[in-house]
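Down below is the structure, laid out as structure tokens.
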Amino acid sequence: MPATQLPSFLLMALGREEPWWEEGASGLGSGREISLGRGIQLHTGVSWSCPGPVSKWQACPAASGERAVLKTKVICGGRTGRLIKSGPEWPEQERAEQLARGAALKWASGIFYRPEQLARLGQYRSREVQRTCSLEARLKSVVQSYLEGVQTGVWQLAQAIEAVQGTREALSQARGLLQGMSQALRTLQPLRERVAQYKQLQAMSHLLPRLRAVPAAVAHTQTLIDAQQFLEAYMSLRELEQLREDTWAPLGGLELPVFQGLDLLFEALGQAVEAAAGAAGKLAREDPALLVAAVRVAEVETGRTTPLGQVPRDWRQRCLRALQEGLEQTHFGSPLLPAPGALPGWLEALRVALPVELATAEALVAPCCPPQYNVVQLWAHTLHSGLRRSLQHLLAGPELEAADAFALLHWALHVYLGQEMMGSLELGPEADVSQLEPLLTLENIEQLEATFVANVQASVSQWLQNALDGEVAEWGREQGPNTDPSGSYYSPMPAIVLQILEENIRVASLVSESLQQRVHGMALSELGIFLRSFSDALIRFSRDHLRGKAMVPHYVPYLLAALNHQSALSSSVSVLQLDGAPSGALAPVEAALDKLQRRICRLVLEALQVELQPLFADLPSRQWLSSPELLESVCERTGRFCRDFGRVRNPTVQLLLAEAERAVVLQYLRALMQGRLVCRGADERTQAAERLRHDAAQLQQLFLGLGLEENAHCAPVLLALRELLNLRDPALLGLEVAGLQQQFPDVRCGRGSRREEKPEGGENGADTPPWCPCSEDHVSALLGLRGDLSREQQLAALSSLQAALPPSPRAGRRALFSLVPAPAPAPASCLPSGSCARARLLSE
């Protein structure tokens, strides 16, 4: 047994300077172990002896005046003894005693320092003795209670040791018995194996008649599957599977060879059910009982609890997949894409077939299937997804033609979700596919629109070019232009051009607003290109004619017909305006049409100038003063030239007549300013003034007869020049010149400066009017016709022109003098601060 350690205060109490022994004590001790009997020892650090067992401990104080020690009484056979300390002092105890002695001496020296305190020494001693006894009594009580607890614990430990020893003996006996039984079990193991074999043989003997029928049952089941008798085949398979389960337990999970083909038979039945589900649409019309049997077998097998260790057969999902795959295979199974041009027919076939398929699903297939199949919704979603994949595959292939792209866009955006197909009122809400992913993504729509616009643009460009080529080919023929019932020159080309563009815009509006805007922009662009090509063709036509490369018998009539074409296009181009489009959308086309009109008018006027130029070579002259034949020839040839102007539609004919009249007047002014005639006296001035009046009236009469409105005439400028010649007092010439300036502001540009008209044509300058300087040289040349003015009088007249305020331009007044070249070029020494005319007069 382990030794019991005494508390520290007890060990200190046992420490004593001299060994002692109380008479009558018995026992034996040595070192620091005290044996209390029954195998109990106490570590004390003292040697003692006691002849009997220890029964009680008791502490008592030492004699008066000695240091406190613990006296322990040991009852050994009725005798009491003391524990006698032996051995050296403990270091801790010695140090504690030294400290206590030092503290006591310090205290005593402080108390008894004076002699009068020694009288009270007895009182102090008595008090300390009482205190010491009190402490020893308390210490004895604590040690006594501790020793009693130790005694109880020692007794309990002894009881526990006895119980543990008894348990150990019992376990040893049980171990011996178990070793004997294991040897007996080893001898019984062969008997146990024989019993298991006997049970297996007994079970097999009961199942043997059924096992013999398994091969025949398997063959019969295969026959039922081949005959599509799904319910009977499934019941036979279930019986065979149950028989296999019955043999598993007796055989310990061992499968007999006769059941090895059972799983393959189940798989064959599953494939047959799956095939029937894949042809659900056809079976629902021809043999609905077969479809019902296949679905019932799939549902029963799906809801059945499979045996332990067997993979579940989810035939319901197989049936649903078969339904989807069969439906997609029927309508979208062909890997070949529709040939170019065949896409509209393919889409039309789908437009007819898909609603019929959905109606069949709702009326025939849905009653054959459980409600959780959602047959109509499954049908609609399957058709939608299959169609979407087919369209994506189609768009990933070669680029579509314009007709195919248009048909696909219109069908996908309008027909598919319309009342003709998926939005039909005859279909239930289960067939709604509007919430699914659209057939065409935004990228697909963008791709198709770009393809359609590019193809249509190429076609439109080719059509317009063909129309222009056909029109140009007619310009060189022997016959003149065709006319309409009203007698105006007519060609179907403008109507064809606008019809082509308008029809394409209208067709694009059937698809979407974005496609319409794209086609509209393309149409305006192509129309602008067509107008530029038309203008270039007219320039080439005119150049070849004037240069003699191709003599056209009806040159001017075809130019007038082209002017009618421009007028027809201008009056009808508004049909290309989209509803809600900004008002300036057609501004580029209208500007191009105005430019084309000016170019055609210029070509006509150039032809007129070529006709009249030889006649104005003799004007003015002495013959012109005496005879009206020169201007009559001009009017006759002008009237003959403008005879066909009546075949031009209004208001273009008014513009053309006004330009022709101005061209004649400009030729007249240009001839007058050449300085070929100078009046020799007052009679010739009067005669020249009268000739100007007569010529102005004759020109007015000519163009009034041709239909020109009176307010558009330019001939009155001749009457203003008549006043310059008819004036008899040269001092009043300044007033006449100022009046001329007020009527025709372009007669003066300020101190001999030059002004250029802004070109009206293109880069080649084909429509640019003849540039000419407008300055005082015009007035000087006109004053030179009089022949009676001195240099001072001319300078005075020109000075009045310089001093006059610039007139405000009149509305509707067209330029005249600015288009007439000066009679003589400015000399190199022309002063920059004065006019060329004044400088020339001063130099003389």
Side-chain angles (χ1 to χ4, degrees), residues 602 605-606 608-621 624-625 628 630-631 633-635 637-638 657-679 685 688-700 702-703 708 712-727 733 736-737 739-749 754-757 769-787 797-798 801 810 813-825 835-837:
R602 178 164 183 76
L605 296 179
E606 286 178 355
L608 178 60
Q609 290 175 1
V610 172
E611 291 283 339
L612 298 179
Q613 191 172 3
L615 299 178
F616 280 102
D618 297 332
L619 191 153
S621 62
W624 168 71
L625 288 177
L630 289 178
L631 191 64
S633 299
V634 170
C635 291
R637 189 166 296 184
T638 302
L657 287 173
E659 292 296 325
E661 193 257 355
R662 184 173 70 160
V664 174
V665 172
L666 288 175
Q667 288 281 3
Y668 198 102
L669 293 174
R670 187 179 294 111
L672 285 178
M673 295 182 185
Q674 294 301 318
R676 291 193 292 262
L677 176 66
V678 177
C679 296
R685 285 193 298 273
E690 185 64 21
R691 177 55 56 197
L692 288 176
R693 186 193 62 79
H694 182 270
D695 291 349
Q698 194 171 358
L699 289 175
Q700 283 182 331
L702 170 64
F703 282 97
L708 180 64
H713 285 217
C714 293
V717 69
L718 302 180
L719 299 178
L721 299 180
R722 170 181 173 273
E723 296 298 330
L724 289 178
L725 297 176
N726 203 23
L727 186 65
L733 282 176
E736 290 297 333
V737 171
L740 179 65
Q741 179 189 2
Q742 291 295 328
Q743 293 183 20
F744 303 97
D746 63 334
V747 78
R748 175 182 181 274
C749 293
R754 295 184 177 186
R755 180 179 65 187
E756 294 183 3
E757 291 290 334
W771 176 87
C772 58
C774 173
S775 66
E776 297 165 357
D777 293 338
H778 297 95
V779 179
S780 179
L782 294 175
L783 294 177
L785 291 174
R786 292 178 58 91
L798 293 176
L801 182 64
R810 289 187 179 183
R813 176 68 67 179
R814 294 181 295 168
L816 286 175
F817 290 96
S818 61
L819 302 179
V820 178
S835 68
C836 297

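Everything numeric in this text was worked out from a predicted model, so none of it was measured.
- Within the model, atoms CG of Leu612 and CD of Gln667 stand 6.5 Å from one another, a figure rounded to the nearest 0.5 Å.
- Rounding to the nearest 0.5 Å gives a distance of 9.0 Å between CG of Leu630 and CG of Asp695.
- No side-chain heavy atom of Val664 sits under 4.5 Å from any side-chain heavy atom of Leu702.
- Minimum interatomic distance between Ala671 and Phe616 (heavy atoms only, all atoms of both residues): CB-O, 3.9 Å.
- Proximity of a side-chain donor or acceptor of Arg693 to a complementary backbone N or O of Arg722 within less than 3.5 Å is not detected.
- The shortest side-chain heavy-atom distance between Leu819 and Arg662 falls under the 4.5 Å cut-off.
- Two residues are said to be in side-chain contact when any heavy atoms from C-beta on lie closer than 4.5 Å; Gln700 and Pro716 meet this criterion.
- Counting heavy atoms from C-beta outward, Val665 and Glu661 have side chains that approach closer than 4.5 Å.
- Leu718 has its side chain within reach of Leu699: a pair of non-hydrogen atoms, C-beta onward, lies under 4.5 Å apart.
- Across Leu708 and Ala658, no two heavy atoms sit closer than the pair CD1-N, 3.6 Å.
- For the pairing with Tyr668, the side-chain contact (heavy atoms from CB on, under 4.5 Å) check across Val717, Leu692, Leu721 returns one residue only, Leu692.
- Within a 6.0 Å radius of CD in Glu690, other residues, nucleotides and ligands contribute more than 12 heavy atoms.
- With values rounded to the nearest 0.5 angstrom, His713 atom NE2 is found 8.5 Å from Leu657 atom CG.
- By the 4.5 Å heavy-atom criterion applied to side chains, Leu672 and Pro620 are counted as neighbours.
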